[in-house]
Protein chains: 2
Amino acid sequence: MTSRQVTLAEVAKEAGVSLATASRVLNGSTRQVSEELRERVLGTARRLGYLPNASAQALARNSSVLVGLVVHDIADPYFSSIAAGVTRIAESAGLVVVLGTTGRDPRREVELVNTLRAHRARALVIAGSRTTDRSASRRLAEEITAFTAQGGRVACVSQAKLGTDTVVPANRSGARALARGLAALGHRRFAVLAGPPDLLVARDRLAGFKAGLADEGLELPDGCVITSDFTRDGGHAAVADLIAARTGATCVFAVNDVMAMGAMAALRDHGLRVPEDVSVAGFDDIPTLRDLVPALSTVRLPLEDMGERAARLVLDDVVAPPRTVRVAGEVVLRASTAHPSGIGLR
Amino acid sequence: MTSRQVTLAEVAKEAGVSLATASRVLNGSTRQVSEELRERVLGTARRLGYLPNASAQALARNSSVLVGLVVHDIADPYFSSIAAGVTRIAESAGLVVVLGTTGRDPRREVELVNTLRAHRARALVIAGSRTTDRSASRRLAEEITAFTAQGGRVACVSQAKLGTDTVVPANRSGARALARGLAALGHRRFAVLAGPPDLLVARDRLAGFKAGLADEGLELPDGCVITSDFTRDGGHAAVADLIAARTGATCVFAVNDVMAMGAMAALRDHGLRVPEDVSVAGFDDIPTLRDLVPALSTVRLPLEDMGERAARLVLDDVVAPPRTVRVAGEVVLRASTAHPSGIGLR
DNA sequence: AAGTCCGTGGAAAGCGCTTTCCAACACGCT
DNA sequence: AGCGTGTTGGAAAGCGCTTTCCACGGACTT
């Protein structure tokens, strides 16, 4: 069944030229080939249905056309938006995207970078926040070092902690501005669905939010910070704890949109209305948000654009290793947040 | 900067064994190697930080570890859900997923399959509906034939039109059952946001819906079928046409969920309430649906599962070329559809 | 007329790995 | 002692391509 593939050698022979000449015609070599031979080679190649073997080319050239993309969960709109940006740039540069998903397992992350290294991927975009786990970070950093030592370029979308090019969203300042905006609406008691305690992006956003409250002379008591998974279901589950905590909060900030969406659903299940009984805000501005009712207030991040930026960092020819692209977040207050009217979450 | 990579030959030399022995130890060869040499090779490999060159292995073995995944738009929840299923299975089989996005351009689709073929990908999952464009289909079919002739396996998620293994959702019967369900709610006048006229999946769903109406003795006048893009914005834009058409429909069926979401937003913009003024239903049951208010009625497809099924089809050892896995759709009536109370879209 | 240079084609040496084939040796038999 | 048989190590031939290096002519100098 498996028909032998047409090789360059066959094309060369059939066209009556040397291997070298055939190669020069069929790839973008700088060397000139006379019009006559060129035509002949091109013709036979087409006639025989020649397709270069990418593995052989990669081996001979010592460089591949592969770009790695590592995300936690491709079904999460946050990551799929970034992925769309990365693939757009990579594909328009004639490269091929290799997708790896970690399921938020740091070991898997290291494993993926290793695999991509084995494939001699020319570049690598790692999306998704690091955690406070030092040993995991160290092992990832080692892999990344090996990857760059091999001539590959790496960019991260998240914290600039790994000595690579990085696209870093304004987690702190965005959350801070959001806090001020919510305070300006009249809220005085807040609760935060803070995600996992060891996730840096979650910590940054929490810290920024606290700072924003402090700007307004407000504070966030410890009991008002609920930890949970960084997912829609995490946000949903956290609401039970939130209500049990009897915080009296009139406004809930979830450190990302999917958590906020889960929380809104859970609040509804508990018979609470948003924003009449409690206001809710998220972070990221994932695309699905615009079809939510009430529309979710959030901090907008240009997700696809961030993916594009990361891809560009990693594909340009600049030789300036650790560059940082800061991306601003824009506070967008929508219908899910309103002037506090009720008594909040007693 | 680019440090030379450690090669098998170096490991072999350092360990004082032949290339062959080193190779046998460091990959899953069937050949035995004595415990002593084995240890020695493993030790030096670790010490030197040896990592096999995947391109070289692919070349020597004439087979790669790559699995292609072709989707229209990775940011669309429909595709990202399927992608999550495919990557899960592929990665658990130790394979590497190559992601290609077409942006719904048939030429790009062909191009991607070609690229994947050049990389000697061992398998390929193509998600996304075909169109009625015969010449595009033919060229894709040719590429696919070449791919399989080369020993690769291909599965499609959509219509079983290409002679490959296929996972086909119950578009017709799902839409038909949905139509009956909506008629049972009391609706008599319907409108359909039918997507692009040349997209097979859209046509199937429209046809199924009509059949379901016919079962109930109802029909769908031509003026009640609005065409538009198969996207959220397409659904949004179609609503203006829909309203202009003065169909008197009390229920709108959009042939996929993202269109239905766009339509709901547009209806709201026009001051129409769902479901009080008009009921809306979609198709697919993308994950984001459960956080919509009102919750969208739809036909549930197990999207991640479909991705997994496709991946399994393409990765098992069965030698039964064109198999078809039919996936049932389950009608899920939620809050976006109700007994018709108003006068509908006059 | 001799010397230079450039443009072009081909031979061949790799790239890093797998795998066939052969040699060597240790057994267990008759 | 002689002979299969089975096990293990190594030499070497590829896998399909790129690229260096050399050879050859013709066009130009001087």
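In the text below, chain A, chain B and the rest are named by the order of the sequence lines, each starting its count at 1.
Rounded to an integer number of Å, the gap from B/Arg24 CZ to D/dT8 P is 11 Å. In this structure, the CG atom of A/Leu37 is 5 Å from the P atom of C/dG9, given to the nearest Å. Rounded to whole Å, atom C1' of C/dA11 lies 17 Å from atom NZ of A/Lys13. Rounded to an integer number of Å, the gap from A/Gln32 CD to D/dC24 P is 22 Å. Atom CD in A/Glu39 sits roughly 17 Å away from atom C1' in C/dT8 (whole-Å rounding). Distance, A/Leu8 CG to C/dG10 P: 13 Å, rounded to whole Å. In this structure, CG of B/Asn62 is placed 17 Å from P of C/dC17, rounded to the nearest angstrom. One atom, CD of B/Gln5, and another, C1' of C/dG16, lie 11 Å apart when rounded to the nearest Å.
If you find the closest nucleotide of DNA chain C to B/Ala56 and to A/Ala20, the one lying nearer the 5' end belongs to A/Ala20. Annotation: of the two residues near DNA chain D, B/Leu59 and B/Val33, the 5′-most nearest-nucleotide partner is B/Val33.
With hydrogens and angles left out, the side chain of A/Arg120 and the base of C/dG16 share no donor-acceptor pair within 3.5 Å. Judged by distance alone with a 3.5 Å cut-off, a donor-acceptor contact links the side chain of A/Arg31 to the base of C/dG9.
For C/dG10, one of the phosphate oxygens OP1 or OP2 lies less than 4.0 angstrom from a side-chain nitrogen or oxygen of A/Thr21. Between A/Ser18 and the phosphate of C/dG10, there is a side-chain N or O to OP1/OP2 separation shorter than 4.0 Å. At the phosphate of D/dG16, neither OP1 nor OP2 sits under 4.0 Å from any side-chain N or O atom of A/Gln57.
A side chain to side chain contact (heavy atoms under 4.5 Å, CB included) with B/Val70 holds for exactly one of B/Val154, B/Thr115, B/Leu116, B/Thr101; it is B/Leu116.
Annotation: the span from B/Leu26 atom CG to B/Leu42 atom CG amounts to 6.0 Å, rounded to 0.5 Å. A distance of 7.0 Å separates CZ of A/Phe230 from CZ of A/Arg104, quoted to the nearest 0.5 Å. Between A/Ile126 atom CD1 and A/Ser158 atom OG the span is 8.5 Å, to the nearest 0.5 Å.
The side chain of A/Asn53 lies closest to D/dG16, out of D/dG16, C/dA11, D/dG10.
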message: Under the criterion salt bridge (Lys or Arg N to Asp or Glu O under 4.0 Å), I'd like the reasoning laid out for A/Asp165 against A/Arg312: C-alpha separation, chi angles, the key distance, then a yes or no.
response: CA-CA 10 Å; A/Asp165 284 344; A/Arg312 287 213 191 84; over 6 Å; no

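Residue contacts shown for A/Ser23 include a base, since a base heavy atom lies under 4.0 Å away.
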